[in-house]
Enquirer: 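Could you have a look at this structure, given as structure tokens, before my questions?
Residue numbers count from 1 along this sequence. All values below were derived from every heavy atom in this structure, side-chain atoms included, with hydrogens, water molecules and symmetry-related copies excluded.
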Amino acid sequence: MRHWCLFHRGLFPLYWKPLHAVPALQILCHRIVWSALFVTLVLLYKQHWRWLFRLVQQPRNVALFALSSATLTLNWGIYIWAVNQGKVVEASPGYFINPLVNVLLGRLFLAERLNRPQALAVGLACLKRALADC
């Protein structure tokens, strides 16, 4: 499954490149709307709403979700814009680094801890990124 996700992610520039005439913000807005609709349909189908009601009663969690959403939106917006501008190679390192930054933010602000395999994976990804710059 992981290989399919990596393969799929690698094809994104091929998907967005033909849309170069469409503004990046418009593509991003479509992504947000259709993703929200899909998640809503999944939650309706699974009848899995309790966590959402508990979430909105805790302002700190709502703020964290909003911050996470803003970060993800910024990441995708920049990536889509870069692909539409023909800067796929320049955008790729930032796209790769973003999950590592998310892990760091989760550790700093949410006190999340990595188990050994996760820490090893993050360490190898950081090492790969550092060696790629040499």
Enquirer: Using every non-hydrogen atom in the two residues, find where Gly77 and Ala24 come nearest and quote the distance to one decimal.
Expert: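 Closest approach of Gly77 to Ala24: O-CB, 4.5 Å.
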
Enquirer: State, to 0.1 Å, how close Arg31 and Trp76 come at their nearest heavy-atom pair, and which atoms those are.
Expert: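 Where Arg31 meets Trp76 most closely, the heavy atoms are NH2-CZ2, 3.3 Å.
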
Enquirer: If Ile, Leu, Val, Met, Phe, Trp and Tyr residues are connected whenever their side-chain heavy atoms lie under 4.5 Å apart, and connections chain through other members, are Ile32 and Leu72 in the same group?
Expert: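 Looking at the clustering, Leu72 is in the same group as Ile32.
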
Enquirer: Are Tyr45 and Val39 linked, directly or through other ILVMFWY residues, by side chains that come within less than 4.5 angstrom of each other?
Expert: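 No.
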
Enquirer: Using the rule that two of Ile, Leu, Val, Met, Phe, Trp, Tyr join whenever any of their side-chain heavy atoms come within less than 4.5 Å, decide whether Leu28 and Ile78 are in one cluster.
Expert: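 Different hydrophobic clusters.
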
Enquirer: Run the numbers on Trp81 and Leu25 for side chain to side chain contact (heavy atoms under 4.5 Å, CB included), then give the verdict.
Expert: CA-CA 8 Å; Trp81 173 84; Leu25 183 60; over 6 Å; no

Enquirer: Is there a path of hydrophobic side-chain contacts, each under 4.5 Å between heavy atoms of I, L, V, M, F, W or Y residues, that connects Val33 with Phe65?
Expert: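 No, separate clusters.
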
Enquirer: So, taking the atom named CG in Leu52 and the one named CD in Gln57, what distance separates them when rounded to the nearest 0.5 Å?
Expert: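 Between atom CG of Leu52 and atom CD of Gln57 there are 10.0 Å.
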
Enquirer: Hey, what do you get for CG (Leu114) to CZ (Arg107), rounding to the nearest 0.5 Å?
Expert: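 These two atoms lie 8.0 Å from each other.
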
Enquirer: Judged by atom type as modelled, is there a donor-acceptor pair below 3.5 Å linking the side chain of Thr71 to the main-chain atoms of Leu67?
Expert: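 Yes, because the side chain of Thr71 sits within donor-acceptor range (under 3.5 Å) of the backbone of Leu67.
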
Enquirer: Is the number of heavy atoms from other residues, nucleotides or ligands within 6.0 Å of CD (Glu90) greater than 12?
Expert: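 Counting other residues, nucleotides and ligands, CD of Glu90 exceeds 12 neighbours.
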
Enquirer: If every non-hydrogen atom of Val56 is compared with every non-hydrogen atom of Val62, which pair is closest and at what distance?
Expert: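 So the two residues come closest at CA-CG2, 3.7 Å.
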
Enquirer: Work out which heavy atom in Leu43 is nearest to a heavy atom in Trp49; give both atom names and the distance.
Expert: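 That closest heavy-atom pairing would be O-NE1, 3.4 Å.
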
Enquirer: Can you get from Trp34 to Leu41 by hopping between Ile, Leu, Val, Met, Phe, Trp and Tyr side chains that sit under 4.5 Å apart?
Expert: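 Linked, Trp34 and Leu41 end up in one cluster.
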
Enquirer: Treating Gln118 as the side-chain partner and Asn115 as the backbone partner, does any N or O pair qualify as donor plus acceptor under 3.5 Å?
Expert: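 Checking the backbone N and O of Asn115 against the side chain of Gln118, a donor-acceptor pair under 3.5 Å is found.
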
